[in-house]
Trainee: 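First the structure, then my questions, so here it is.
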Number of protein chains: 2
Amino acid sequence: MARASTTSDAFNAVAEPRRREILSYLAGSERPVGEIVAALGLEQPSVSKHLRVLRDVGLVRMRCVGRQKLYQTNAAAIRPLHEWAGTFERYWQHQLNRVKERAEAMARQGPVFNSPEPNPNLKSKEK
Amino acid sequence: MARASTTSDAFNAVAEPRRREILSYLAGSERPVGEIVAALGLEQPSVSKHLRVLRDVGLVRMRCVGRQKLYQTNAAAIRPLHEWAGTFERYWQHQLNRVKERAEAMARQGPVFNSPEPNPNLKSKEK
DNA sequence: ACATTACATTCCGATATAGGAATATGTCAA
DNA sequence: TTGACATATTCCTATATCGGAATGTAATGT
């Protein structure tokens, strides 16, 4: 089996950086394809293909006006992603607290003198 | 060019549903590989391969204890994802407000009798 | 009708995947 | 040492991608 289709869900669709850029660009207001091409400096067919993927998973909405098609981000479709990531919030806060506590404990134990070459692998110097 | 590597960033890594399951399972506490295999009902090599990807992008941390390796989700690495999705929050709230306003406007105008089959394609009834 | 504009789709090629099977590595135990 | 256990890696194949080039399609202007 290969990797899941980009159109299988929002997670796969936003894995592509350009698609994320497009979503950000189209978040506030609807824009024709040409403006996306100009603004992001991509090839037109490339933009069309990305928009197709985004449309298939419901991340953008399209409206025809004359010969142009106006796209806009359907922000609600990004919510599940936000919520999934949010389920980890309490855990990263936990970790941050641990780092903070460790730093404070070390500070109480007295200052540490500089080593000549700060070694990024040594985490002993935080704070 | 093909699709970006799953190890290129967290967005690509979490595109795979099983990897999301693994991250959720390992969020609270560290677990050996065997438990993940048992809990999620996957093949052991498959789990090892997913863990490799997650480790490469920093989404999990590993610690060796005897002959087993304990993995735990590095929740902080999920934060960028949460924050990116969060930049769209005001937009989906906007959309929700519009829906709400429309509903209230309709309520003020008096109750509408049920149409036999609510057709989602008909947008002609707003206001 | 014809040219032009605005997009979408198709065809191509290189690459990266995920699962399955088999195998390799590393650690503990007798 | 030998063997059992825990995990990782390799090899394989089918598939799906992304970009680029070329082409298709639909609406507008003259």
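Numbers restart at 1 for each chain; the letters A, B, ... are given by sequence-line order, proteins then strands.
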Trainee: I'd like to check the side chain to side chain donor-acceptor pair (under 3.5 Å) partners of Ser5(A); sequence neighbours left out, ordered by chain and number.
Mentor: Thr7(A)

Trainee: Run the salt bridge (charged side-chain N to carboxylate O under 4.0 Å, His left out) test against Arg3(B) and tell me which residues pass, sequence neighbours left out.
Mentor: none

Trainee: What residues, two or more places apart in sequence or in another chain, satisfy side chain to side chain donor-acceptor pair (under 3.5 Å) together with Ser8(B)?
Mentor: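 With sequence neighbours excluded, Ser8(B) shows a side chain to side chain donor-acceptor pair (under 3.5 Å) to Asn12(B), given in chain and number order.
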
Trainee: What is the distance, rounded to the nearest whole Å, between atom CZ of Arg3(B) and atom P of dA16(D)?
Mentor: 10 Å

Trainee: Let me know, please, whether Met1(A) or Ala2(B) comes out on the 5' side of the other along DNA chain D by nearest nucleotide.
Mentor: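 The residue whose closest nucleotide sits nearer the 5' end is Met1(A).
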
Trainee: Going by heavy atoms closer than 4.0 Å, what residues in residues 39-71 of chain A are next to DNA chain D?
Mentor: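 When residues 39-71 of chain A is checked for heavy atoms under 4.0 Å from DNA chain D, the hits, listed by number, are Glu43(A), Pro45(A), Ser46(A), Lys49(A), His50(A), Gly66(A), Arg67(A).
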
Trainee: Considering residues at least two apart in sequence or located in another chain, which fulfil the ring-ring contact (aromatic ring centres under 6.0 Å, His included) criterion with Phe88(B)?
Mentor: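 With sequence neighbours excluded, Phe88(B) shows a ring-ring contact (aromatic ring centres under 6.0 Å, His included) to Trp84(B), given in chain and number order.
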
Trainee: Which residues, ordered by chain and number, are linked to Val65(A) in its hydrophobic cluster, where ILVMFWY side chains connect at heavy-atom gaps below 4.5 Å, directly or through other members?
Mentor: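 Reading the cluster by chain and number, Val65(A) sits alongside Leu70(A).
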
Trainee: Any side-chain hydrogen bond (donor to acceptor under 3.5 Å, both in side chains) pairs touching residues 66-76 of chain B, not counting sequence neighbours?
Mentor: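 Sorted pair list: Gln95(A)-Asn74(B).
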
Trainee: Using the test side chain to side chain donor-acceptor pair (under 3.5 Å), find all partners of Glu43(B) that sit at least two apart in sequence or belong to another chain.
Mentor: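 With neighbours one apart ignored, the set is empty.
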
Trainee: Short of 4.0 Å, heavy atom to strand atom, which residues of residues 10-20 of chain B count as contacting DNA chain D?
Mentor: none

Trainee: Enumerate donor-acceptor pairs with a distance under 3.5 Å from any side-chain N or O in residues 15-23 of chain B to protein atoms, sequence neighbours excluded.
Mentor:
| from | atom 1 | to | atom 2 | distance (Å) |
| --- | --- | --- | --- | --- |
| Arg19(B) | NE | Ala13(B) | O | 2.7 |
| Arg19(B) | NH1 | His50(B) | ND1 | 3.2 |
| Arg20(B) | NE | Val14(B) | O | 2.7 |
| Arg20(B) | NH2 | Ala15(B) | O | 3.0 |

Trainee: I'd like to know whether Leu54(A) forms a side-chain contact (heavy atoms from CB on, under 4.5 Å) with Leu26(A), so could you lay out the CA-CA distance, the side-chain angles of the two residues, the decisive distance to 0.1 Å, and finally the verdict.
Mentor: CA-CA 11 Å; Leu54(A) 293 173; Leu26(A) 296 176; 5.9 Å; no

Trainee: Listed by chain and number, what are the salt bridge (charged side-chain N to carboxylate O under 4.0 Å, His left out) partners of Arg52(B), not counting sequence neighbours?
Mentor: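 Testing Arg52(B) for salt bridge (charged side-chain N to carboxylate O under 4.0 Å, His left out), a comparison that skips the adjacent residues, returns Asp56(B).
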
Trainee: Quick one: how far along DNA chain C does chain A reach, first to last nucleotide 5' to 3', anything under 4.0 Å to a heavy atom?
Mentor: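 Here the contact window of chain A covers dT4(C) to dA18(C).
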
